[in-house]
Peer 1: 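Mind having a look at this structure? Questions to follow.
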Amino acid sequence: MGISPVLWQFLTKWLHASALFPAEASGISPYVDALYFFLLLMTVVGTALVAALVFGFSIRYRRARNPVATQIDGSTLMEATWTIIPLAIFLLVFVWGALLYFRIYNPPTNAMNIYVVGKQWMWKAEHPGGQHEINALHVPTGQPVQLTMISQDVFHSFSIPDFRVKREVIPGRYSTVWFEATQPGQYHLFCTQYCGTQHSGMIGEITVLTPDDYKKWLQESTSGMSLAQNGERLFASMGCNACHSGNAAARGPNLAGVYGSRLTLANGSDVLVNDAYLRDAILNPSQHVTAGYAPIMPTYQGQISEDGLIDLVEYIKNLQSNYRIQQTLVTSSSDAAAPTTPPQGTITPYMVKP
Amino acid sequence: MSSTSTIVSLPDQSTAKMPKRHYINNEHGLLSWLLTGDHKRIAILYLISITFFFFIGGAFAGLIRLELLTPQPDLVAADTYNKFFTMHGIIMIFLFLVPSVPATLGNFLIPIMLGAKDLAFPKINLLSWYLYLIGGTLTLAALVLGGVDTGWTFTTPLSTHYLNTHVITAASAIFVAGFSSIFTGLNFIVTIHRMRCPGMTWFRMPLFVWSHYAASLLMVLGTPVLAIALVLVLLERLIGIGVFDPTKGGDPLLFQHLFWFYSHPAVYIMILPGMGVISEVISTFSRKRVFGYTAVAFSSVAIALFGFFVWEHHMFIMGVSNYSALVFSLLTMLVAVPSAIKIFNWAFTLYKGSITFETPMLYAFGFMGLFTIGGLTGVFLGSLGMDIHLTETYFIVAHFHFVMVGGMLMAFLAGVHFWWPKMTGRMYPESLSKLAAVTTFIGFNLTFLPQFILGYLGMPRRYHAYPPEFQVLNVLSTAGATVLGVGYMLPLLYLGWSLKYGAIAGNNPWQATGLEWQIQSPPLTENFLETPIVEHEAYDYDWLANKTRNEVTTVG
């Protein structure tokens with residue numbers, strides 16, 4: 001931008017005070033607004049140009065002043081001018097917009113993850129530490145936050161106008177968005193995709209806290225169980241540990257450390273294990289058989305809620321060893337290989353609470 | 001640049017008399033209208049039916065604006081509000097905008113402009129009106145039985161699994177109305193290819209015909225995809241085939257791809273014929289050939305071509321691949337260029353013209369201003385990073401209303417006023433209609449400019465209730481809608497009045513060059529007494545001047 005920073009600050013301050021412009025409360029907002037002002041300028045100049053031509057010619061060549069029209073066929077030079085100049089401007093806008101898009105939709109690696117489940121007509125946010133919120137989301141300033149979102153029913157869309165971010169929340173598929181809040185305060189959360197009767201009631205508050213306040217909030221609002229702990233319980237109660245025990249003879253692949261790795265599937269394709277893959281592999285295992293294993297896993301479609309899936313995903317994501325899995329009683333069927341007992345006196349065996 | 005000067009001065013039309021025999025009084029009785037094959041009569045049937053649906057759709061718009069006057073959900077229940085905007089969308093798009101110019105003005109004028117007696121398939125033309133009527137009746141049935149609240153986009157899985165309103169009736173209505181549109185397009189394509197009179201080469205056709213040709217291609221190639229999408233929704237709803245259901249291995253995004261594959265080209269189906277009207281009107285009232293005829297003609301075809309490859313720009317935030325989004329954004333930028341070319345060519349048509357400001361010209365100027373804003377705000381939405389913030393808000397609502405209402409409806413009204421003398425043989429009242437044009441323009445801007453600001457503030461579309469800080473702008477918008485409503489009621493009243501009391505128009509009240517202006521108003525059923533032979537280019541004012549001179553000598 002060729003505009004002086006002082007003028008820029010003045011301009012944005014004035015606009016924000018006027019209630020005709022949304023707050024700039026995230027790291028990306030000034031960049032989005034810069035493109036917006038450029039586009040606004042383009043529109044004003046373009047419209048003014050057309051208006052000037054229409055009014056100018058209308059006055060100069062009105063019948064009273066110019067009773068005789070001069071017939072003109074056209075001009076290749078003029079055609080080229082008004083093809084190339086708009087094209088150049090539009091291409092500039094394309095590149096600018098594309099850079100912004102990639103920036104808004106590609107999260108940094110140090111982003112902290114929060115899960116969001118949308119359903120008719122509420123938003124449920126689940127923090128990894130087990131804090132649950134309905135139609136509300138608490139986030140700290142100065143920390144990139146990634147939202148992994150899924151819908152339990154229809155399309156929704158998660159929009160925070162003051163952060164300039166929005167993403168469709170889709171049934172059956174994780175979508176993500178990230179932002180870095182800069183200003184503590186309260187901001188609107190809207191569902192922007194029409195989702196049925198109470199669409200306009202599917203709103204909430206984003207509360208941005210300073211990192212210290214956020215820590216305090218986390219401690220005060222914990223439910224006592226982290227998502228991963230919930231996941232571990234679910235893992236045992238669904239009998240997953242019967243096969244995914246990590247033993248050499250186990251019927252299912254070892255899950256410890258699988259997140260983030262590359263896996264070769266039975267059909268020869270190569271996949272990256274991420275949240276979406278884990279979810280799909282649980283719901284639709286026959287399409288996601290790891291090479292070297294038999295397609296014997298039953299589908300869990302309809303047996304686990306989206307919340308439960310998030311717990312399982314979060315659990316597997318953080319699973320670094322199979323020790324605790326092997327300590328867990330197998331509920332569904334017994335594995336041939338019995339769990340190995342750790343040497344006496346090292347660690348007291350720890351049973352998962354029933 | 002070859003340039004010559006021309007003065008066209010036709011004999012005074014004030015002494016003109018209504019011709020004794022014309023297409024309106026050729027046959028009498030209701031059946032002679034309902035079973036007619038005459039393209040002009042079918043155009044009138046269409047005009048009456050789309051006007052009816054326009055005012056129903058408009059009533060819903062009024063109710064929506066009334067509800068949004070206050071932030072609280074106080075006028076109607078949430079479900080009712082959702083039905084309002086759904087019915088507004090379905091009626092306005094499928095029953096008004098898509099057939100508006102092509103089925104009325106296009107139907108009436110294309111055969112005459114080409115020097116033909118009728119369209120290629122008169123019976124299919126009549127069938128298409130009946131299909132439209134069945135579609136319209138089914139829509140009304142869905143409305144009367146309790147309405148439908150899917151939004152005009154029928155997004156799955158909301159429309160297939162989560163609503164118990166009359167989705168099936170409404171979707172069948174659009175399915176049937178779609179065939180009406182396909183038949184109209186087919187008829188136009190065949191007529192333009194096969195029925196041009198001797199000497200009427202492709203590059204002598206009026207630009208009105210070119211833009212209808214481009215729109216017809218879109219109708220014929222795009223509408224079947226909509227039909228497929230709707231049939232899949234119906235099957236999913238009725239027997240649960242699971243194409244769009246993730247739990248059965250389907251993909252909910254597939255519906256959006258299919259739907260927008262039609263519905264994006266559909267906006268060009270709606271706007272291209274309007275652009276054709278603007279070319280005719282601006283040329284006539286500047287008494288000057290359209291600047292860059294070839295560029296304007298080919299830009300219509302370019303819009304039709306590129307228009308098919310931009311549909312994914314409705315889905316940039318829906319988790320499509322980032323790289324496919326890149327491609328679609330680039331193509332979206334390209335499709336904006338032909339529209340810019342058209343705007344500048346129209347502006348330069350005025351250059352060195354001899355301009356007068358009759359009502360159609362005022363509407364055309366309104367079109368140029370509003371369509372420019374509508375088009376340029378489309379660039380905001382085609383730009384990937386900007387689209388994330390703006391899509392699904394009031395910004396997009398304002399954008400497409402600028403194009404569809406500010407653009408298309410202005411063009412439709414320009415066309416109706418321009419050809420009213422030809423269609424009815426009588427003039428509309430000039431000063432009252434100028435007042436209506438200005439009222440419409442002011443009301444329109446007052447309604448939709450605040451919505452751009454609301455959109456950037458983040459107000460989502462299709463909201464029944466909204467945070468109180470958005471109220472001031474919504475009140476402005478509702479006030480504007482009231483003015484706009486008055487602007488649209490006026491033509492209904494004075495055009496109706498003019499049918500009986502309007503001044504007799506005569507053959508060529510505007511001194512225009514088109515073939516339709518060289519025959520009597522209203523035309524004969526067979527249009528021409530003898531097949532015309534065209535030996536001049538379109539918009540050839542020299543030819544018109546010479547022709548006039550010869551006629552005067554003959555009579556004298």
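Numbers restart at 1 for each chain; the letters A, B, ... are given by sequence-line order, proteins then strands.
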Peer 1: Starting at CH2 of A:Trp82, measure out to CG of B:Asn345 and round the result to the nearest 0.5 Å.
Peer 2: 5.0 Å

Peer 1: Answer with side chain, backbone, both or neither: which region of A:Arg103 has an atom nearer than 4.5 Å to a non-hydrogen atom of chain B?
Peer 2: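 A:Arg103 has no heavy atom closer than 4.5 Å to chain B.
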
Peer 1: Does the side chain of B:Met386 come within less than 4.5 Å of A:Val93's, by heavy atoms?
Peer 2: no

Peer 1: Taking atom OH of A:Tyr194 and atom OG of B:Ser159, what is their separation to the nearest 0.5 Å?
Peer 2: 10.5 Å

Peer 1: Select one option (side chain, backbone, both, neither) describing which atoms of A:Ser175 are under 4.5 Å from chain B's heavy atoms.
Peer 2: neither

Peer 1: Hey, are the side chains of B:Phe371 and A:Val50 touching, using non-hydrogen atoms and a 4.5 Å cut-off?
Peer 2: no

Peer 1: What part of A:Ile104 lies closer than 4.5 angstrom to a heavy atom of chain B: side chain, backbone, both or neither?
Peer 2: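 The side chain, not the backbone.
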
Peer 1: Less than 4.5 Å to any heavy atom of chain B: does that hold for the side chain of A:Leu39, its backbone, both, or neither?
Peer 2: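 Both parts, backbone and side chain.
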
Peer 1: Tell me, for A:Asn284 versus chain B, whether the close heavy atoms (under 4.5 Å) come from the side chain, the backbone, both or neither.
Peer 2: neither

Peer 1: Taking all non-hydrogen atoms of both residues, which atom of B:Ala325 and which atom of A:Tyr101 are closest, and how far apart?
Peer 2: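 That would be CB-OH, 3.8 Å.
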
Peer 1: Among A:Pro171, A:Gly172, A:Ser159, which residue forms the greatest number of heavy-atom pairs with chain B at distances under 4.5 Å?
Peer 2: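 Ranked by heavy-atom pairs under 4.5 Å with chain B, first place is A:Pro171.
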
Peer 1: When you compare the side chain of B:Ile388 with that of A:Arg164, does any pair of heavy atoms fall below 4.5 Å?
Peer 2: no

Peer 1: Sort out for me which of A:Val32, A:Asn66, A:Leu99, A:Ile203 touches chain B most, counting heavy-atom pairs under 4.5 Å.
Peer 2: A:Asn66

Peer 1: Taking all non-hydrogen atoms of both residues into account, name the closest pair between A:Phe57 and B:Leu350 and its distance.
Peer 2: CB-CB, 3.7 Å

Peer 1: Determine whether A:Val54 and B:Met368 satisfy the following criterion, side chain to side chain contact (heavy atoms under 4.5 Å, CB included), listing intermediate values before the conclusion.
Peer 2: CA-CA 9 Å; A:Val54 168; B:Met368 285 179 70; 3.7 Å; yes

Peer 1: Measuring heavy-atom distances to chain B, does A:Phe155 have an atom under 4.5 Å in its side chain, in its backbone, in both, or in neither?
Peer 2: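 When you check distances to chain B, atoms from both the backbone and side chain of A:Phe155 fall under 4.5 Å.
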
Peer 1: Could you check whether any side-chain N or O of B:Ser354 sits under 3.5 Å from a backbone N or O of A:Pro67, counting only pairs where one atom can act as donor and the other as acceptor?
Peer 2: yes

Peer 1: Could you look at B:Phe357 and say if it's the side chain, the backbone, both or neither that has a heavy atom under 4.5 Å from chain A?
Peer 2: side chain

Peer 1: Side chain to side chain contact (heavy atoms under 4.5 Å, CB included) for B:Leu158 and A:Asp153? Distances and angles first, verdict last.
Peer 2: CA-CA 8 Å; B:Leu158 184 67; A:Asp153 37 47; over 6 Å; no

Peer 1: Which one of A:Gln287, A:Arg173, A:Arg65 has the most heavy-atom pairs closer than 4.5 Å to chain B?
Peer 2: A:Arg173

Peer 1: Which residue out of B:Thr391, B:Thr349, B:Thr80 racks up the most heavy-atom pairs below 4.5 Å with chain A?
Peer 2: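 Winner by heavy-atom pair count: B:Thr391.
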
Peer 1: Given a strict heavy-atom distance threshold of 4.5 Å, which part of A:Asn106 is in contact with chain B: side chain, backbone, both, or neither?
Peer 2: side chain

Peer 1: Nearest 0.5 Å, what's the CE-CD distance between B:Met315 and A:Glu168?
Peer 2: 9.0 Å

Peer 1: With a 4.5 Å cut-off on heavy-atom pairs, point out which of B:Thr156, B:Leu163, B:Asp540, B:Asp387 contacts chain A the most.
Peer 2: B:Thr156

Peer 1: Going through the distances and angles, do A:Arg63 and B:Arg287 end up as a side chain to side chain contact (heavy atoms under 4.5 Å, CB included)?
Peer 2: CA-CA 10 Å; A:Arg63 183 167 242 186; B:Arg287 277 109 204 143; 3.4 Å; yes

Peer 1: Does the side chain of A:Thr197 come under 3.5 Å of the side chain of B:Asp79 through a donor N or O and an acceptor N or O?
Peer 2: yes

Peer 1: For the interface with chain A, which of B:Pro252, B:Pro338, B:Gly382 has the highest count of heavy-atom pairs at distances below 4.5 Å?
Peer 2: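 Counting heavy-atom pairs under 4.5 Å, the top option is B:Pro252.
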
Peer 1: Please indicate whether B:Tyr162 has more than 12 foreign heavy atoms, meaning atoms of other residues, nucleotides or ligands, lying under 6.0 Å from its OH.
Peer 2: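 Atom OH in B:Tyr162 is crowded, with more than 12 foreign heavy atoms closer than 6.0 Å.
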
Peer 1: Side chain from CB out, backbone as N, CA, C, O: work out which of these in A:Val165 comes under 4.5 Å of a heavy atom of chain B, or both, or neither.
Peer 2: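 Interface part for A:Val165: backbone (N, CA, C, O).
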
Peer 1: Can you check whether B:Tyr81 reaches A:Ser200 side chain to side chain, under 4.5 Å on heavy atoms?
Peer 2: no

Peer 1: For the residue pair B:Thr356 and A:Arg62, establish whether any side-chain heavy-atom pair is separated by less than 4.5 Å.
Peer 2: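 Side-chain contact under 4.5 Å: no.
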
Peer 1: Side chain, backbone, both or neither: which part of A:Gln120 has a heavy atom under 4.5 Å from chain B?
Peer 2: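 The side chain, not the backbone.
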
Peer 1: Measure the NZ-CD1 distance between B:Lys288 and A:Ile72 for me, rounded to the nearest 0.5 Å.
Peer 2: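 With rounding to 0.5 Å, NZ (B:Lys288) is 4.5 Å from CD1 (A:Ile72).
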
Peer 1: What option among A:Ile89, A:Leu53, A:Thr43 has the most heavy-atom pairs under 4.5 Å with chain B?
Peer 2: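 Greatest number of close heavy-atom pairs with chain B: A:Thr43.
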
Peer 1: Answer with yes or no whether the side chains of B:Thr247 and A:Gln301 bring together a donor and an acceptor at under 3.5 Å.
Peer 2: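 Side chains of A:Gln301 and B:Thr247: no pair found under 3.5 Å.
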
Peer 1: Do you know which of B:Thr155, B:Leu326, B:Ile373, B:Ile453 has the most heavy-atom pairs under 4.5 Å to chain A?
Peer 2: B:Leu326

Peer 1: Mind checking whether B:Tyr456 and A:Tyr36 have parallel, tilted or perpendicular rings, split at 30° and 60°?
Peer 2: parallel

Peer 1: Tell me the closest heavy-atom pair linking B:Phe380 and A:Leu40, and the distance in Å.
Peer 2: CZ-N, 3.6 Å

Peer 1: May I ask you to test the A:Arg60-B:Lys352 pair for a side-chain heavy-atom distance under 4.5 Å?
Peer 2: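 In short, these two side chains do not touch, never coming nearer than 4.5 Å.
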
Peer 1: Between A:Leu283 and chain B, which part of the residue has a heavy atom less than 4.5 Å away: side chain, backbone, both or neither?
Peer 2: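 Neither part.
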
Peer 1: Mind checking the CZ-CZ spacing from A:Phe55 to B:Phe365? Nearest 0.5 Å is all I need.
Peer 2: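 If I round to the nearest 0.5 Å, the distance is 8.0 Å.
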
Peer 1: Does A:Gln198 reach the main-chain N or O of B:Ala78 with its side chain, forming a donor-acceptor pair under 3.5 Å?
Peer 2: no

Peer 1: B:Tyr323 vs A:Phe102, test: ring pair (Phe, Tyr, Trp, His ring centres under 6.0 Å). Steps then yes/no.
Peer 2: CA-CA 10 Å; B:Tyr323 298 98; A:Phe102 276 71; 5.5 Å; yes

Peer 1: Taking all non-hydrogen atoms of both residues, which atom of B:Pro157 and which atom of A:Val154 are closest, and how far apart?
Peer 2: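 B:Pro157 and A:Val154 have their closest heavy atoms at CG-CA, 3.9 Å.
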
Peer 1: Tell me, side chain or backbone of A:Ala51 under 4.5 Å from chain B's heavy atoms, or both, or neither?
Peer 2: neither

Peer 1: When the ring planes of A:His188 and B:Phe470 are compared, do they come out parallel, tilted or perpendicular, using 30° and 60° as the limits?
Peer 2: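 Answer is tilted, since the angle falls between 30° and 60°.
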
Peer 1: Heavy-atom distances under 4.5 Å only: say whether A:Gln193 touches chain B with side chain, backbone, both or neither.
Peer 2: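 Answer is both: backbone and side chain atoms of A:Gln193 are under 4.5 Å from chain B.
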
Peer 1: Around atom OH of B:Tyr466, are there more than 12 heavy atoms from other residues, nucleotides or ligands closer than 6.0 Å?
Peer 2: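 Check passes, neighbour count above 12.
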
Peer 1: Looking at B:Ser383 and A:Leu35, what are the two nearest heavy atoms and their distance?
Peer 2: OG-CD2, 3.6 Å

Peer 1: Can you tell me how far CD1 of B:Ile341 sits from CD of A:Glu79, rounded to the nearest 0.5 angstrom?
Peer 2: 7.0 Å

Peer 1: Are the side chains of B:Ile317 and A:Phe158 in touch, meaning some heavy atoms are under 4.5 Å apart?
Peer 2: no

Peer 1: If you count heavy-atom pairs under 4.5 Å with chain B, which of A:Gly196, A:Ser58, A:Ala98 comes out on top?
Peer 2: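 The residue among A:Gly196, A:Ser58, A:Ala98 with the greatest pair count is A:Ser58.
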
Peer 1: Please identify, among B:Leu376, B:Leu454, B:Val290, the residue contributing the most non-hydrogen atom pairs under 4.5 Å to chain A.
Peer 2: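 Maximum pair count with chain A is reached by B:Leu376.
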
Peer 1: Using a 4.5 angstrom heavy-atom cutoff, name the option from A:Ala64, A:Cys195, A:Cys191 with the most pairs to chain B.
Peer 2: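 Option with the top pair count is A:Cys191.
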
Peer 1: Shorter than 4.5 Å, heavy atoms on both sides: which option in B:Phe316, B:Phe344, B:Phe85 has the most such pairs with chain A?
Peer 2: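 Heavy-atom pairs under 4.5 Å are most numerous for B:Phe344.
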
